[in-house]
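Data block below; observations after.
We count residues from 1, following the sequence as given.
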Amino acid sequence: VTEADQRLEEFLREKLGALAPGFSFLGEEGGLTGDPDAPCWVIDPIDGTTNYVRGIPLWCVSVGAVWRGQAIWGAIAIAPQNEIMWGGQGLGAWLEPLSSTQESAPQALHAHDSDALMQEDLIGVNTTAERAVDFRRVPCRLRNLGTLAYHTAAVSRGMLCASLAREYKLYDIAAGIAIGNQAGCVAKYLGGEEWRAEVVAPKEPRPLIVAPPKIMQQLLDDLELAD
């Protein structure tokens, strides 16, 4: 944990608390405050802290909102790339510059679905999932970019065909799933169960897949836990 993580979460708690005072708040650094049954802001102030500390230019500020088990809104800012992706129920999913000297229209995000996975397709996977899941029946290449928020957002852009994670917390994935839902993705556990946002929950041991529907079914058919 860095000072930047702590200060940014404090800033977001203050600003989002003023914007929506009835929401509870779950942050990586400060934990849960407020009513767990209320709509909840879910924040990872720097997702990809190791990348940030080591000077790798890929890390995100991830802000999601969940309610009644659903991810209803999310924004992922990728400062090193001057990009922000955001989306919410009924709003679509969008990409635009974080800052720009010229006006530019937001770009709509659409995940790329496919009837057949290929060797050149990429799956974003965190380390604990890579160790726990048997990928031998899936032809795709695996990529660990060091930030789960970016993995899920990259599926919404069609850069990755899927994201697979294990031993994560809600603040790692909520914003990305909210964006992904609007870009044509679904989120399911490896056993096929629908994902639900649980504000009060430990790290999730079940592998979670975020992918467009046809790719999701292929992965559910071909992936299994390693021996």
Using atom types as modelled and distance alone, determine if a side-chain donor or acceptor of His151 lies under 3.5 Å from a backbone N or O of Leu145. yes
Show, in sequence, the C-alpha distance, side-chain angles and deciding distance for Ser163 and Ile123, and conclude whether the side-chain contact (heavy atoms from CB on, under 4.5 Å) test is met. CA-CA 6 Å; Ser163 171; Ile123 297 176; over 6 Å; no
So Glu130 and Leu142, side-chain contact (heavy atoms from CB on, under 4.5 Å) or not? Walk me through it. CA-CA 8 Å; Glu130 187 172 359; Leu142 306 182; 4.1 Å; yes
Show the nearest heavy-atom pair for residues Ala71 and Ala174, with the distance to one decimal. CB-O, 3.6 Å
I want to check something: taking the side chain as every heavy atom from C-beta on, are Val61 and Leu8 in contact at a cut-off of under 4.5 Å? yes
Measure from the side-chain N and O atoms of Asp47 to the backbone N and O of Trp59, and report whether any donor-acceptor pair falls under 3.5 Å. no
Determine the minimum heavy-atom distance between Arg196 and Tyr189, stating which atoms define it. O-OH, 4.1 Å
Hydrophobic clusters here meaning ILVMFWY residues chained together by side-chain heavy-atom distances under 4.5 Å, can you tell me if Ile76 and Leu16 are in one? no
Using modelled atom types and a 3.5 Å cut-off, is there a donor and acceptor pairing between side-chain atoms of Asn181 and backbone atoms of Ala178? no
Checking the side chain of Glu9 only, and the main-chain atoms of Gly30 only, is there a donor and an acceptor separated by less than 3.5 Å? yes
Test side chain to side chain donor-acceptor pair (under 3.5 Å) on Thr33 and Arg13 and set out the steps. CA-CA 10 Å; Thr33 56; Arg13 282 180 179 265; 3.1 Å; yes
Verify, without hydrogens or angle tests, whether Glu204 (side chain) and Arg206 (backbone) share a donor-acceptor contact under 3.5 angstrom. yes
Mind checking whether Ile179 and Trp73 have side chains closer than 4.5 Å, heavy atoms only? no
Taking all heavy atoms of Asp222 and all of Arg137, pick out the closest pair and write down the distance. OD1-NH2, 3.3 Å
Do Met159 and Leu122 have side chains that get closer than 4.5 Å, going by heavy atoms? no
Thr152 side chain to Ile177 backbone, donor-acceptor under 3.5 Å: no
Given Phe23, Tyr171, Trp67, Phe25, the one that forms ring-ring contact (aromatic ring centres under 6.0 Å, His included) with Trp41: Phe23
Counting only N and O atoms by type, is there a donor-acceptor contact under 3.5 Å from the side chain of Ser114 to the main-chain atoms of Leu117? no
Any chance you could lay out the side-chain contact (heavy atoms from CB on, under 4.5 Å) test for Leu58 and Thr147, step after step, and finish with the verdict? CA-CA 8 Å; Leu58 183 58; Thr147 156; 4.0 Å; yes
Does Leu98 belong to the same Ile/Leu/Val/Met/Phe/Trp/Tyr cluster as Trp94, with side-chain heavy atoms less than 4.5 Å apart forming each link? no
Any non-hydrogen side-chain atom of Pro213 less than 4.5 Å from a side-chain atom of Asp113? yes
Atom pairs and distances, side-chain donor-acceptor, residues 78-88, under 3.5 Å, sequence neighbours left out:
from  : atom 1 : to     : atom 2 : distance (Å)
Asn82 : OD1    : Ser99  : N      : 3.1
Asn82 : OD1    : Ser99  : OG     : 3.2
Asn82 : ND2    : Ser99  : O      : 2.8
Glu83 : OE1    : Arg157 : NH1    : 2.8
Glu83 : OE2    : Arg157 : NH2    : 3.4
Trp86 : NE1    : Glu96  : OE2    : 2.7

When you compare the side chain of Gln119 with that of Cys140, does any pair of heavy atoms fall below 4.5 Å? no
Check ion pair Asp115-Lys214 (N to O, under 4.0 angstrom): yes
Least distance between heavy atoms, Asp121 atom then Ala116 atom: OD2-O, 4.2 Å
Grab the two heavy atoms, one from Val138 and one from Leu223, that are nearest each other, plus how far apart they are. CG2-CD2, 3.5 Å
Got a donor-acceptor contact below 3.5 angstrom from the Asn51 side chain to the Gly48 backbone? no
Would His112 and Ile215 count as a side-chain contact (heavy atoms from CB on, under 4.5 Å) if you check the C-alpha gap in whole Å, the side-chain angles of each, and the deciding distance to 0.1 Å? CA-CA 9 Å; His112 174 69; Ile215 291 175; 5.6 Å; no
Check each of Leu12, Ile173, Val63, Asp172 against Asp44 using the side-chain contact (heavy atoms from CB on, under 4.5 Å) test, and report the only one that passes. Asp172
Does the Ser24 side chain pair with the main chain of Asp35, one donor and one acceptor, at a distance under 3.5 Å? yes
If two hydrophobic side chains count as joined below 4.5 Å and joins carry through other members, does Leu109 share a cluster with Tyr150? yes
Looking just at side-chain N and O atoms, do Arg166 and Thr127 make a donor-acceptor pair shorter than 3.5 Å? no
Do Arg141 and Glu120 pass the salt bridge (charged side-chain N to carboxylate O under 4.0 Å, His left out) test, and can you show the C-alpha distance, the side-chain angles, and the key distance before you say yes or no? CA-CA 6 Å; Arg141 301 185 181 189; Glu120 297 303 318; 3.1 Å; yes
In this structure, would Met216 and Phe135 fall into the same cluster of hydrophobic residues linked by side-chain contacts under 4.5 Å? yes
Please say whether more than 12 non-hydrogen atoms of neighbouring residues, nucleotides or ligands are located less than 6.0 Å from NZ in Lys203. no
I need the minimum non-hydrogen distance between Ala129 and Leu164, along with the two atoms involved. CB-CD2, 3.5 Å
To the closest 0.5 Å, what do you measure between CD1 (Ile43) and CG (Asp5)? 13.0 Å
Side-chain heavy atoms nearer than 4.5 Å, only ILVMFWY residues, links allowed to pass through others: does that put Val210 and Leu148 together? yes
Any chance CD of Glu193 has more than 12 other-residue heavy atoms, nucleotides or ligands included, within less than 6.0 Å? yes
